[in-house]
Amino acid sequence: MTPYYLTAPIYYVNAKPHLGHAYTTIVADAMTRFARLSGRDAMFITGTDEHGDKIVQAAAKAGCTPRELADDVSAAFRALWPELDAEPTRFVRTSGPEHREVVRAFLQKVYDAGDIYFGEYGGNYCYGCERFYTEKELENGLCPQHQVKPEYISEKNYFFRMSAYQDRLKQHILDNPEFISPERYRNEALSMLEGGVLDDLCISRPKTRLKWGIELPFDANYVCYVWFDALLAYFTALGGPESADFRRFWPAAEHLVAKDILKPHAVFWPTMLTAAGLPLYRRLHVHGYWLSRSAKMSKSIGNVVPPLETARSLGLDAFRYFLLREMHFGSDADFSEEALTARYNADLANDLGNLFSRVLTMAARWCAGKVPAPGADTEAEKNLKISASDSLADYQRFFADTRFSDALEALWNLVRALNKYVDASAPGALAAAGDMERVNTVLYTLLECMRKIALHLWPVMPGKSALMLAQLGVPAGAGASACEPDGATAGAQAGPPVGAIIGEAENFSLLPVGAPLAPASNLFPRAETDKSATAKGKVDAGKGKAGSGKKNADRNNSAGTEKIDAGTGNM
RNA sequence: CGCGGGGUAGAGCAGUUUGGUAGCUCGUCGGGCUCAUAACCCGGAGGCCCCAGGUUCAAAUCCUGGCCCCGCAACCA
């Protein structure tokens, strides 16, 4: 099996997780699940980055030690992922002993190679902020935080000879168009390497100023700069550069990050690897920000979206679907409850949920609740299968290229085509006319396509995917080609078997005839909005159209949007 | 002239690489259907594709010059 190694960031523990962290981790989880469906031996890691000045400051503010803060926040991150159905294979903490040894060995290696030197750095230092400021950052020569004049101090430090690798890195990016993607971030990275602008990187902090870090192996008076430490967590997760896992997975390494940490990943990290004589990662995937009320989320504006509460409002799977569907990977996107609800109703309730509902009801009525044996295909089936093949192939191609929104849109082309197919083939009329062979053919075609949809959605909505498959009579832990009675994969890593989508876009006879079907389905109950509540209030009027905007006080005022218990979709 | 991204129907976006009747989702208006979650299906309305020049038989797309919005700008994770 081809290996696949995906890293989500190891998150900085200076603050609790927010929507952005949730998004990155869910994307990583979805990519990993997709890699498994595609037949790869996939590993996905994340963790927490716990050293540095900011942690010391945050701890002081919280009235605890850096260790206590790190333990606390790291645990919060770790506990969140299962709540989001994100299942990292491993979770690394940079304050752990294994990581310290990986970092020290790496530092020593680069030091021995002659790429770390002792030098002097001078600059405007603000004691209040405990950091240096550049001339441009100062406001009228004063620290923007404290409005005091910074002191010019110079300090002896260790520097990594990063500038020496600038040209080689630039050439690598030019020679490998997929090394950094999407393209806009590749351009950003290239612009960081233009015209000899790259400085050497200061990689030490004197202990007089900072003690919370990893001690340099060649000078006990200094600790390591956090980024030089943090990036190596990607090694620690594999057991260090001497391990068997490293040899197997590192050549397949892909990183997933948000745009704010582009530079460390696109510039620091590859130059570090080169200096240590190690191969570079394969790819770097960079995504944008979730905006809240069209602005970057920030505590001071007060528009931070809490991930877990939001995820629960319409159900975790709907939340994951929304994140992957709404944001075009790489660009920023706006988050709002309204958009989430709109997406939920339009895509999940109306299109997909209702498709399951109507088809399973028909199967219960006319096929005795079992998968019927199809007759010969007519033009309608042939055309539908051609378009289904296209949709599935597009989905797979886009998903593999991190174009999740395009992928889901392609899959929904199939969902909509199935709804149209129901209308066009009018199974009700066929049944009334006694043409049961046609009814069976139509329903088998629908059910088989629905199974493909459910299977392909597993990376995005693992819970609902399993439920959909169960409603279609596909045993848990079985996929496509599947339906073999081994059930080996069921258990800890429940879900379709590795490689389950291979061949799915071409073969339309994979659903076993005679399998028991759920008698009804209510996967995504419609979420009520103010408007639909109003419309509902005047159903009896006959027309069903909400023409007047009449207000229904009871319905509208209490909660606005009704919350749905999404834990169990019934079947 | 620091760097990058963006400005396309009421909203959100795609299309720009490889010029050729401007497309998708939501919303809106009208119709149909009943297997279904007031859903689904069909059809309509709605756009000087930021502005001004230029190249071309032809420009949302290529070129030049503006205007506006958003990020980033280097010991910040």
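For clarity, every value in this text was computed on a predicted model and none was experimentally measured. We name chains A, B, ... by the order of the sequence lines, and we start the count at 1 in each one.
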Taking atom C1' in both B/U8 and B/G43, what distance in whole Å separates the two? 24 Å
Need one value for A/Phe524: base, sugar-phosphate or nothing, where a base atom within 4.0 Å counts as base even if backbone is also close, heavy atoms only. base
Quick one: which of B/G5, B/C40, B/C3 gets closest to the side chain of A/Arg358? B/C40
Compare the minimum distances between each of B/U25, B/C35, B/A77 and the side chain of A/Asp423, then state the nucleotide with the smallest one. B/C35
For A/Val422, which contact category applies under a 4.0 Å heavy-atom criterion: base, sugar-phosphate, or nothing? base
Considering only the C1' atoms, how many Å lie between B/U56 and B/C62, rounded to the nearest integer? 10 Å
According to a strict under-4.0 Å criterion, is A/Asn350 in side-chain N/O contact with OP1 or OP2 of B/C40? yes
Once you round it to whole Å, what is the distance between C1' of B/C26 and CG of A/Asp334? 15 Å
When all nucleic acid strands are considered with a 4.0 Å heavy-atom cut-off, which category describes A/Arg416: base, sugar-phosphate, or nothing? sugar-phosphate
Kindly check if the number of other-residue, nucleotide or ligand heavy atoms within 6.0 Å of NZ (A/Lys156) is above 12? yes
Using whole Å, report how far CG of A/Asp351 lies from C1' of B/U37. 12 Å
If I take atom CD in residue A/Glu183 and atom P in nucleotide B/G6, what distance separates them, rounded to the nearest angstrom? 10 Å
Below 4.0 angstrom from OP1 or OP2 of B/U25, is there any side-chain N or O of A/Arg343? no
Taking the basic N atoms (NZ, or NE/NH1/NH2) and the acidic carboxylate oxygens, is any pair closer than 4.0 Å for A/Asp332 and A/Lys259? yes
Any donor-acceptor pair, under 3.5 Å, between the side chain of A/Lys263 and the base of B/A74, if you only look at N and O atoms? yes
Can you say whether the rings of A/Trp412 and A/Tyr321 are parallel (under 30°), tilted (30 to 60°) or perpendicular (over 60°)? tilted
Distance check, C1' atoms only: B/G20 and B/C29, in whole angstrom units. 33 Å
So A/Arg205, base contact, sugar-phosphate only, or nothing? Heavy-atom distance under 4.0 Å. base
Across the strands shown, which category fits A/Trp412 at heavy-atom distances under 4.0 angstrom: base, sugar-phosphate, nothing? nothing
Using a 4.0 Å heavy-atom cut-off across all strands, classify A/Ala349 as base, sugar-phosphate, or nothing. base
Where the side chain of A/Trp366 is concerned, which of B/C35, B/C40, B/A14 is the nearest nucleotide? B/C35
Does a salt bridge link A/Glu178 with A/Arg186, judged by any charged N lying under 4.0 Å from a carboxylate O? no
Tell me: CD of A/Glu338 to C1' of B/A11, nearest whole Å? 13 Å
Give me the distance, rounded to whole Å, that separates B/G66 from B/G47 when you measure between the P atoms they each carry. 32 Å
Using the C1' atom as the reference point in each nucleotide, state the distance between B/G5 and B/G10 in Å, no decimals. 25 Å
Please report the distance separating the P of B/A14 from the corresponding atom of B/U25, rounded so that it comes out in whole Å. 16 Å
Please name the nucleotide paired to B/U64 by Watson-Crick or G-U wobble geometry with both distances under 3.5 Å, or report none. B/A52
To the side chain of A/Leu523, which of B/C41, B/U37, B/A77 is closest? B/U37
From CG of A/Asp401 across to C1' of B/A14 the rounded distance in Å is 16 Å
Parallel, tilted or perpendicular: which one describes the rings of A/Phe160 and A/Tyr165, with boundaries at 30° and 60°? parallel
Output the rounded distance in Å from CG (A/Asn522) to P (B/A39). 14 Å
Between B/A77 (P) and A/Tyr225 (OH): distance, integer Å: 8 Å
On RNA chain B, more 5' by nearest nucleotide between A/Ala417 and A/Ser357 is A/Ser357
What I want to find out is whether A/Arg416 reaches A/Asp351 closely enough, with some N-O distance under 4.0 Å, to be called a salt bridge. yes
Which nucleotide in B/C35, B/G5, B/U37 has an atom nearest any side-chain atom of A/Arg184: B/G5
Taking the same atom, P, in B/U17 and in B/G7, what whole-Å distance lies between them? 15 Å
Earlier contact from the 5' end, RNA chain B, for A/Glu326 and A/Lys420: A/Glu326
Please measure how far the P atom in B/C50 lies from the corresponding atom in B/G6, and state the result in whole Å. 13 Å
Centroid separation under 6.0 Å, is that true for the rings of A/His265 and A/Tyr234? yes
Quickly work out the A/Tyr185 OH to B/C3 C1' distance and round it to whole Å. 14 Å
